[in-house]
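One structure is given here, and the rest of the page talks about it.
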Amino acid sequence: MPELPEVETVRRNLEATVLGRTIQSVRLSGKKLRDPISRNLGTRIRNRRIESVSRHGKFLLIDLDEDQTLISHLGMSGRWLFYDEPPGPLPHVHVRIAFADGTELWFQDPRRFGLLRLVSTSRRSRDPALSKLGPDPIATPLRGNWLFERARGARVAIKSYLLDQSRVAGIGNIYASEILHRAGVSPRRPAGALTAREWDAVADEIARVLGEAIDRMGTTFSMYRTLWNEPGTYGDQLLVYDRAGEPCRRCGGTIRRIVQSQRSTFYCPRCQSLRRRRPALSIARGQSGA
DNA sequence: ATCCTATCCTGTAGGC
DNA sequence: TGCCTACAGGATAGGA
């Protein structure tokens, strides 16, 4: 569910809401997420003040005072929810953080693929979850040539390559398809076979698609919500994702769904040709020979 | 090193 | 209506 734009939206929401607040009490569900939540998490973050909220790729980093950082990943179905007045019990709420003024911050995650881990702020970037991440494309705008050089020799399909968080951090299954469609690159091309020009187009579209999605508070396909339980509106802008069989908005061709690395990929075979453009001569010769 | 597969978990949509 | 299966925006360990 949540990719970079959704996580950035939540980060901004958290920054606007809980920055400077001091945690008064914590309640845990006791259920394990991707990893078990530390049993003493509550005692370790009680009385800590929230100093900053940052993000790398899909990871949120909530820095507290006393050299503590809460690392959070939303997985497929995680949500942070803020309440001025907390409602009655909700299912799948694994952490409830209460502040002194009665407001609360909840972490809800039905599928429990999310992550919550407390680490030392000074050593946070050495955490195994963060240490292997590639650059965050919002913090560090990517250059086509840098991507081109780095992908040299990679035989994996460009779609799967963009999902690899150690290459670029933050792109997920929806935006990978959208980015490649706008760049006019077939998702089936080997990453190492893209030309420098094509990487320029991919780099431009990474910045443009992610930026516009942040402006619209992300894409709500089903689970994702902002901190105030509102849907994002980038879903209106999707050109290929979940549109199999429908007409391409650019060329009128039919959007196709394929499976790559066991994930759905959507693309327009006409706009996103598998072959690089060939000289007109070879086409003419093929016709005359028929 | 690279690449692929299976796995963790619940909710939901679609077929019958 | 209800039952069953397939699938869903994620990362990661382990094997080829």
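Residue numbers start from 1 in every chain, and the chains themselves are labelled A, B, ... in the order their sequence lines are given, proteins ahead of strands.
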According to a hydrophobic-cluster definition based on side-chain heavy atoms being under 4.5 Å apart (Ile, Leu, Val, Met, Phe, Trp, Tyr only), do A/W228 and A/V53 belong together?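 As far as the 4.5 Å side-chain criterion goes, A/V53 and A/W228 are connected within one cluster.
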Same cluster or not: A/I37 versus A/F107, using hydrophobic residues (I, L, V, M, F, W, Y) connected whenever any side-chain heavy atoms lie under 4.5 Å apart?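 Linked within one cluster.
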For residues A/T226 and A/T9, is any side-chain donor paired with an opposing acceptor at under 3.5 Å?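 No - no donor-acceptor pair under 3.5 Å links their side chains.
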When you measure only distances, ignoring hydrogens and angles, does the side chain of A/R111 come within 3.5 Å of the base of B/dC9 through a donor and an acceptor?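 Yes, the side chain and the base share a sub-3.5 Å donor-acceptor pair.
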Does A/R263 make a side-chain donor-acceptor contact with the base of C/dA8, cut-off 3.5 Å?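 Answer is no: no donor-acceptor pair is held.
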In whole angstroms, how far is the [atom2] atom of [N] from the [atom1] atom of [X]?
X      : N      : atom1 : atom2 : value
A/D242 : C/dA6  : CG    : P     : 19 Å
A/Y161 : B/dT2  : OH    : P     : 9 Å
A/K32  : B/dT7  : NZ    : C1'   : 10 Å
A/D109 : B/dC8  : CG    : C1'   : 12 Å
A/I158 : B/dC3  : CD1   : P     : 11 Å
A/F113 : B/dC9  : CZ    : C1'   : 5 Å
A/K31  : B/dC9  : NZ    : C1'   : 10 Å
A/L33  : C/dG10 : CG    : P     : 17 Å

Just by modelled atom types, is the A/R48 backbone N or O under 3.5 Å from a matching donor or acceptor in the A/D65 side chain?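 Not at all, since once roles are kept as given, no pair shorter than 3.5 Å links the two residues.
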Which atom pairs, donor and acceptor, lie under 3.5 Å between side-chain atoms of residues 146-159 of chain A and protein residues at least two apart or in another chain?
residue, atom, partner, partner atom, Å
A/E149, OE1, A/R152, NH1, 3.3
A/R150, NH2, A/S166, O, 3.0
A/K159, NZ, A/N173, OD1, 2.7
A/K159, NZ, A/S264, O, 3.4
A/K159, NZ, A/T265, OG1, 3.0

Does a nitrogen or oxygen in the side chain of [X] sit under 4.0 Å from OP1 or OP2 of [N]?
X      : N      : answer
A/R257 : C/dA8  : yes
A/H73  : C/dA11 : yes
A/R34  : C/dG10 : no
A/H92  : B/dG11 : yes
A/Q165 : C/dA11 : yes

Enumerate donor-acceptor pairs with a distance under 3.5 Å from any side-chain N or O in residues 94-101 of chain A to protein atoms, sequence neighbours excluded.
residue, atom, partner, partner atom, Å
A/H94, ND1, A/H92, O, 3.3
A/D101, OD1, A/R21, NH1, 3.3
A/D101, OD1, A/T103, N, 3.1
A/D101, OD1, A/T103, OG1, 2.7
A/D101, OD2, A/R21, NH1, 2.4

Can you list the stems that include DNA chain B, where a stem is three or more consecutive Watson-Crick or G-U pairs with distances under 3.5 Å?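 Detected stem regions: B:2-8 with C:10-16, B:10-16 with C:2-8.
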[X] near the nucleic acid: base, sugar-phosphate alone, or nothing, with a heavy-atom cut-off under 4.0 Å?
X      : value
A/Y175 : nothing
A/S264 : sugar-phosphate
A/Q262 : base

Would A/R11 and A/E8 satisfy salt bridge (charged side-chain N to carboxylate O under 4.0 Å, His left out), going step by step from the backbone distance to the final call? CA-CA 5 Å; A/R11 188 200 70 75; A/E8 174 61 15; 3.0 Å; yes
If the P atom of C/dA6 is compared with that of B/dA6, how far apart are they to the nearest Å?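 After rounding to an integer number of Å, I get 14 Å for this pair.
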Review item, side-chain donor-acceptor pairs of residues 82-89 of chain A, under 3.5 Å, at least two apart:
none

Can you list every ring pair (Phe, Tyr, Trp, His ring centres under 6.0 Å) pair that touches residues 43-67 of chain A, not counting sequence neighbours?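 Listed once each, the pairs are A/F59-A/H73.
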Considering only heavy atoms, which members of residues 139-156 of chain A lie under 4.0 Å from some atom of DNA chain B?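 DNA chain B contact set from residues 139-156 of chain A: A/A154, A/R155, A/V156.
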Choosing from C/dA11, C/dT12, B/dT10, which nucleotide comes nearest the side chain of A/A129?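 Of the candidates, C/dT12 comes closest.
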Minimum heavy-atom separation for A/D109 and A/F113, please, with both atom names.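 Distance-wise, the nearest heavy atoms are OD2-N, 3.4 Å.
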